[in-house]
Amino acid sequence: MIQPSESCRAVTTAAKAELRARALQCLCEADVAAKVAAVGALAAAWSKGGMTLDTDAVLNAVAAIPGRPLLPALVPPREVKHRSMASVEGRAAMIHALAHIEFNAINLALDAIWRFAGMPSEYYADWLRVAREEAYHFGLLATHLQTLGYAYGDFSAHNSLWELTEKTSDDIVARMALVPRMMEARGLDASPRTRAKLAQAGDEPAAAIIDIILRDEIGHVAIGNRWYGWLCQHRQLEPLATFAALAIRYKAPILRGPFNLEARRAAGFSEQELLALQQQE
């Protein structure tokens, strides 16, 4: 297994086999290949029963999170250059943008594991599954990017997904409400259009990767819905009113259609939620 860098050793050697502590180490890892490999090894060890889980431990990071490489350069969304999909460079830029989303998604899943104590064991297993699948998606996209003559880091990128993750670091209800159910769910809406653009440009391998990502992302958003619903029930909160209040408090973006209602239903959104979503347009 590829080990995290020294700066990311946030726990003692004796605690290395504990899931949440190891998730924090993976999150701190700045090398992309090492992070992806470490997530895969962590998921494999957990599935084989080789990890312990301390749901009550309060962990502290001793390095900046998330660990990330020097490139890509992070810029405001409006400064990310848009390129024509008719060119190889344009398709590569699109694949790069998707790879960056998946890289951030690895980090947010790892963050959900280590940061929030006191949840049922199934919660941590769910988010480990998300981290593993996001790492798989990143690998597919990074490999395809190489076939186009580019690598992750060759284009600039924005950081909106991680910014909302940071904003909700103090409140697990807000995290579950806004990150998987709002920001990641946007991927469900965007996938059909993205796939169509890539297929129209003749990049069928990339279109096939989008199919895999959409399939898995439905499950990821469903996990967010599951634990948001659990938290609302556990804390006696009304889900729709709570979501609306949190969106205002954390200045979440207002979502605009078109919405992939079929995928959102499959991910567990209620008809009442979908109606409220469409009414805000």
Side-chain angles (χ1 to χ4, degrees), residues 4 7-29 35 38-68 104-135 161-184 219-237 239 242-243 245-246 249-250 252 268:
S7 64
C8 298
R9 298 186 186 281
V11 293
T12 65
T13 301
K16 280 187 178 180
E18 197 278 318
L19 175 63
R20 294 178 58 227
R22 288 301 299 273
L24 177 55
Q25 288 184 334
C26 292
L27 178 62
C28 290
E29 179 57 63
K35 186 191 293 281
V39 168
L42 181 61
W46 174 259
S47 68
K48 294 176 182 177
M51 305 290 297
T52 62
L53 172 62
D54 186 346
T55 62
D56 296 322
V58 177
L59 304 175
N60 294 293
V62 297
I65 57 173
R68 65 170 72 253
N104 271 336
I106 298 168
N107 288 328
L108 75 85
L110 294 169
D111 195 76
I113 295 170
W114 85 266
R115 184 175 297 278
F116 300 111
M119 291 294 285
S121 60
E122 293 85 358
Y123 165 88
Y124 303 101
D126 274 351
W127 285 105
L128 180 58
R129 169 195 157 191
V130 174
R132 175 178 57 81
E133 291 180 350
E134 302 291 17
L161 180 59
W162 184 257
E163 287 170 359
L164 190 55
T165 301
E166 287 187 323
K167 286 182 181 179
T168 56
S169 62
D170 62 339
D171 184 351
I172 188 173
V173 177
R175 174 67 65 82
M176 293 298 109
L178 301 178
V179 176
R181 301 178 70 255
M182 174 177 276
M183 299 300 287
E184 288 199 277
H220 301 173
V221 177
I223 286 170
N225 273 321
R226 174 189 182 187
W227 292 109
Y228 177 67
W230 185 91
L231 286 160
C232 285
Q233 184 176 22
H234 190 67
R235 301 188 184 188
Q236 297 183 328
L237 302 171
T242 299
F243 176 81
L246 289 169
R249 182 188 310 168
Y250 288 91

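Computed from heavy atoms alone, side chains included, the values below leave out hydrogens, waters and symmetry copies. Residues: numbered from 1 along the sequence shown.
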- Item | Met183 side, atom CE; Leu108 side, atom CG - distance, nearest 0.5 Å | 10.0 Å
- Note on the structure: Between Asn107 and Leu27, the two heavy atoms sitting closest are O-CD1, 3.4 Å
- Note on the structure: side chain to side chain donor-acceptor pair (under 3.5 Å) filter on Thr242, not counting sequence neighbours, yields none
- Taken in chain and number order and not counting sequence neighbours, the residues that satisfy side chain to side chain donor-acceptor pair (under 3.5 Å) with Asp126 are Arg226, Trp227
- Identify the heavy atoms of Val130 and Ala109 that sit nearest to each other, and give their distance. CG1-CB, 3.8 Å
- Query: Looking at side-chain heavy atoms only, is the closest gap between Asp171 and Arg249 below 4.5 Å?
  - Reply: yes
- side chain to side chain contact (heavy atoms under 4.5 Å, CB included) evaluation trace for Lys167 with Leu178: CA-CA 10 Å; Lys167 286 182 181 179; Leu178 301 178; over 6 Å; no
- Under the 3.5 angstrom rule, does the side chain of Lys35 hit a backbone N or O of Gly67 as a donor-acceptor pair? yes
- Which distance, rounded to the nearest 0.5 Å, do you find between the CD of Gln25 and the CD of Glu18? 10.5 Å
- Message: Quick check against the 3.5 Å criterion: does Ser169 have a side-chain atom that pairs as donor or acceptor with the backbone of Thr165?
- Response: no
- Query: side chain to side chain contact (heavy atoms under 4.5 Å, CB included) between Thr55 and Met119: does it pass, once the steps are laid out?
  - Reply: CA-CA 6 Å; Thr55 62; Met119 291 294 285; over 6 Å; no
- Task: To the nearest 0.5 angstrom, please state how far the CD atom of Glu29 sits from the CG atom of Leu110.
- Result: 11.0 Å
- Set of salt bridge (charged side-chain N to carboxylate O under 4.0 Å, His left out) partners for Arg115, sequence neighbours left out: Asp111
- Closest heavy-atom pair, Val173 versus Leu246, reported as atoms and distance to 0.1 Å, is CG1-CD1, 3.9 Å
- N/O donor-acceptor pair under 3.5 Å between Tyr228 side chain and Pro239 backbone: yes
- Query: Got a second to check how far Asn225's CG is from Trp230's CH2, nearest 0.5 Å?
  - Reply: 15.5 Å
- Looking only at atom types and distance, does a side-chain atom of Arg20 sit under 3.5 Å from a main-chain N or O of Ile113, one as donor and one as acceptor? yes
- Task: Nearest 0.5 Å please: distance from the CZ atom of Arg22 over to the OG1 atom of Thr52.
- Result: 10.5 Å
- Measure the CG-CD distance between Leu161 and Glu166 for me, rounded to the nearest 0.5 Å. 11.0 Å
- Item | Partners passing side chain to side chain donor-acceptor pair (under 3.5 Å) against Glu134 (at least two apart in sequence or in another chain) | His137, His220
Identify every side-chain donor-acceptor pair in residues 38-48 under 3.5 Å, counting partners at least two apart or on other chains, and give the distances.
| residue | atom | partner | partner atom | Å |
| --- | --- | --- | --- | --- |
| Ser47 | OG | Ala43 | O | 3.4 |
| Ser47 | OG | Ala44 | O | 2.8 |

- Minimum-distance pair of heavy atoms, taken over all atoms of Phe243 and Ala177: CE1-O, 3.3 Å
- What residues, two or more places apart in sequence or in another chain, satisfy side-chain contact (heavy atoms from CB on, under 4.5 Å) together with Phe116? Tyr123, Ile172, Arg175
- Nearest heavy atoms of Ala57 and Ala117, plus distance in Å: O-CB, 3.6 Å
- Message: So which atom in Gly224 and which in Pro180 form the shortest heavy-atom distance, rounded to 0.1 Å?
- Response: CA-CG, 3.7 Å
